[in-house]
Amino acid sequence: MTTVVIAGAGPTGLTLACGLARQGVAVRVIDRAARFPTGSRGKTLNPRSLEILADLGLGDRLAAAGRTRLPFRKYFEGRFVNETEPFADAVPTAATPYAASLWLPQTRVERLLRERLAGHGVRVEAATELVDLRQDGAGVEVRLADGGRIAAEYLVACDGGRSTVRGLLGIPFIGVGDPEPAMVCGDVEVEGLDPGAWHQWFGPKGAFMLCPFTGTRRWQLQSSPETDADGRPVAPSLEGFRRLAALHTGRADLRLRNATWLSTWRVNVRMAERYREGRVFLAGDCAHVHPTAGGLGMNTGIQDAWNLAWKLGHVLRGLAGPGLLDTYQEERRPIGAWTLDVTGAGMAAVAEESATPGVGVEAGGVGVLTGLALGYRWSSLAADRLAGPVRAGDRAPDGHCPGPDGAPARLFDHFAGDHFTLLGLGPGTRPYLTGLPGHVRPVPLDDPDGALRRAYGITGDALVLVRPDHHIALVARPDDRAAVPGYLAALGA
């Protein structure tokens, strides 16, 4: 029997599928679309998502496909004003290996994830539409449009803002939405423009932006909608894009052609009332939709999936009790609420400040959008015995350390996989790094220069238990002998 069915093959569903499949969980990924999307859609992976996807084995391939440097070239009423680069001063550190976001279209992220998933023997089942479901205490039955049925232990809905699954479950999608489009967008080829920058035109008539992508002639176009004589929005088209370009840029030398994706975007700020109904979970846009400011859509979905993947896997593998699954909503729904708040504030900031010449979409960065500062200190899984500056629930910093063979390595090398990692900082921790369950990897660290202790805000010797998703589970002194065994026992395996 299939263990987990995932409805939706976007970045959220694919990340979840990869995280489960590499644990040996029998997973099926279904998607109602007959063909994989080709439109660019989301276009940045933030540093936290890059850490996650690197753990899945995609770090080098993503770096080769995208770019980390992209100046914002800004115009006002058609005239060049200035150029800025939000990540110009971002430098990787030992604790933070990815200092800047990576620019690449969502379609490439999805393709790389599908290839990674295929390496685990799982392929997306396209043109496979979920139309109904039934569940009881033993499992879930998914019913398909072609009359087929899939029996599984769990179902995860990653089927977008118009989720069929969420609708079937009757889970309210709370919030507000605008019936009229706020933006038209598409993928086009552009001639007459430097592909070394994201070009942003603002003015009293609205906004018009063209963002290039590495390794392709295609650019992503975003613009205030075109309206007809009665003020009603006009459906996007190549001819419409050309008229918008002339209106906002005032340039006759720009040539747009071969539009391959045409879409509209409406303001929707909504969150599911709950992220779980029995054996069904919601993740990604199915659980929350929000403004585009800050580029958090694809990233928040990936990070939902990362939180859920290890928990589902550990429960299904008998490494934890089913109560662990309750912590998915406990941890991720507050992050969803934060995302709605910060992107709403960012959208308002762009609308207000873009009336000032030289201000572009960077005005939407009203919070820390790297994802690195997001954690779960409030979680029932966070057990902190030291109360230092870095606490249980926080993302565990990376750092230089020896590998198993003594060669130079990084903490993230030890974290990679689906196990807990027990860091023993200092010689006093050695007796407590033995006799551990097989899913807990001990890592003794002498830390002679104190760099790792500083990164973790620790003085003296300490034990740091790191979860499979790189968040700190427990911080304790080594003489607190029951701390680690007690924590693992409380997970209910």
Side-chain angles (χ1 to χ4, degrees), residues 8 10-16 40-53 62 66 68 70 72 86-87 90 96 98-110 113 158 160-161 163 173-177 182-183 185 198 209 211 220 222 263 265-272 275 282-308 331-351 360-376 395 469 471:
T12 303
L14 292 169
T15 299
L16 177 63
S40 55
R41 294 164 292 149
K43 56 181 178 288
T44 57
L45 290 171
N46 68 19
R48 180 60 185 136
S49 292
L50 291 172
E51 292 177 352
I52 290 167
L53 296 176
L62 286 166
T68 56
L70 184 65
F72 292 8
F87 297 107
T96 306
Y98 301 98
S101 291
L102 186 74
W103 299 85
L104 77 171
Q106 181 174 323
T107 184
R108 292 192 200 175
V109 178
E110 292 173 354
L113 281 166
C158 306
S163 170
F173 206 33
I174 301 167
V176 296
M183 181 170 63
C185 42
W198 184 5
M209 296 178 285
C211 182
Q220 185 183 86
Q222 297 168 288
S263 187
W265 179 80
R266 292 171 171 79
V267 176
N268 260 309
V269 185
R270 300 181 185 276
M271 188 165 64
Y275 281 20
L282 313 185
D285 287 355
C286 172
H288 42 73
V289 293
H290 47 81
T292 58
L296 294 179
M298 174 165 55
N299 292 287
T300 306
I302 287 171
Q303 291 156 36
D304 284 348
W306 190 239
N307 184 284
L308 183 57
E331 294 185 342
R332 290 305 297 174
R333 198 167 185 277
I335 299 296
W338 173 88
T339 303
L340 266 62
D341 288 344
V342 76
T343 56
M347 181 177 67
V350 171
V361 297
E362 75 277 5
V366 298
V368 180
L369 305 179
T370 63
L372 301 176
L374 298 179
Y376 314 116
R395 163 196 168 271
D469 61 353
H471 285 269

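Predicted, not measured: the structure shown is a model, and the values here were computed from it.
Nearest heavy-atom pair, E110 versus G10, reported as atom, atom and distance to 0.1 Å: OE2-CA, 3.6 Å. Taking every heavy atom of both residues into account, S163 and C286 meet most closely at OG-SG, 3.2 Å. Scanning all heavy atoms of the two residues, the minimum distance from P291 to T343 falls at CD-OG1, 3.3 Å. Of all the heavy atoms in M271 and G336, the pair that sits closest is SD-C, 3.6 Å. Of all heavy-atom pairs spanning V267 and A182, the tightest one is CG2-CB, 3.9 Å. Annotation for S101 and T44: closest pair CB-CB, 4.5 Å, computed over non-hydrogen atoms.
Classified by interplanar angle (parallel below 30°, tilted 30° to 60°, perpendicular above 60°), the ring pair W198/W103 is perpendicular.
A heavy-atom distance below 4.5 Å is found between the side chains of R48 and W306. Considering only heavy atoms from C-beta on, N307 stays 4.5 Å or farther from Q303 through its side chain. In this structure, the side chains of L369 and V342 come closer than 4.5 Å at one or more pairs of heavy atoms. L45 has its side chain out of reach of Y98: every pair of non-hydrogen atoms, C-beta onward, lies at least 4.5 Å apart. With a 4.5 Å cut-off on side-chain heavy atoms, C211 and K43 count as touching. Side-chain contact between R41 and W265 is absent, with no heavy-atom pair separated by less than 4.5 Å. Considering only heavy atoms from C-beta on, L62 comes within 4.5 Å of L104 through its side chain. With a 4.5 Å cut-off on side-chain heavy atoms, F87 and T68 do not count as touching.
Summarising the geometry, atom CG belonging to L374 is positioned 8.0 Å from atom NE2 belonging to H471; distances are rounded to the nearest 0.5 Å. Between atom CG of residue N299 and atom CG of residue N46 there is a gap of 3.5 Å, rounded to the nearest 0.5 Å. Atom CD1 of residue I302 and atom CG of residue L113 lie 6.5 Å apart, to the nearest 0.5 angstrom. Of the inter-residue distances, the one linking M183 atom CE with M209 atom CE reads 6.5 Å to the nearest 0.5 angstrom.
Looking only at distances, no side-chain donor or acceptor of D304 sits under 3.5 Å from a matching main-chain atom of T12. Using a distance-only test at 3.5 Å, with no hydrogens or angles considered, a donor-acceptor pair links the side chain of R333 to the main chain of A272. The backbone N or O of G297 sits nowhere less than 3.5 Å from a side-chain atom of D285 that would complete a donor-acceptor pair.
Remark: the N268 side chain and the R270 side chain contain an N/O donor-acceptor pair separated by less than 3.5 Å. A donor-acceptor contact under 3.5 angstrom links the side chains of R332 and Y376, judged on distance only.
With sequence neighbours excluded, the residues that form a side chain to side chain donor-acceptor pair (under 3.5 Å) with R395 are E51.
Considering L282, V269, T300, T339 in turn, T300 is the only one that fulfils the side-chain contact (heavy atoms from CB on, under 4.5 Å) rule with H288.
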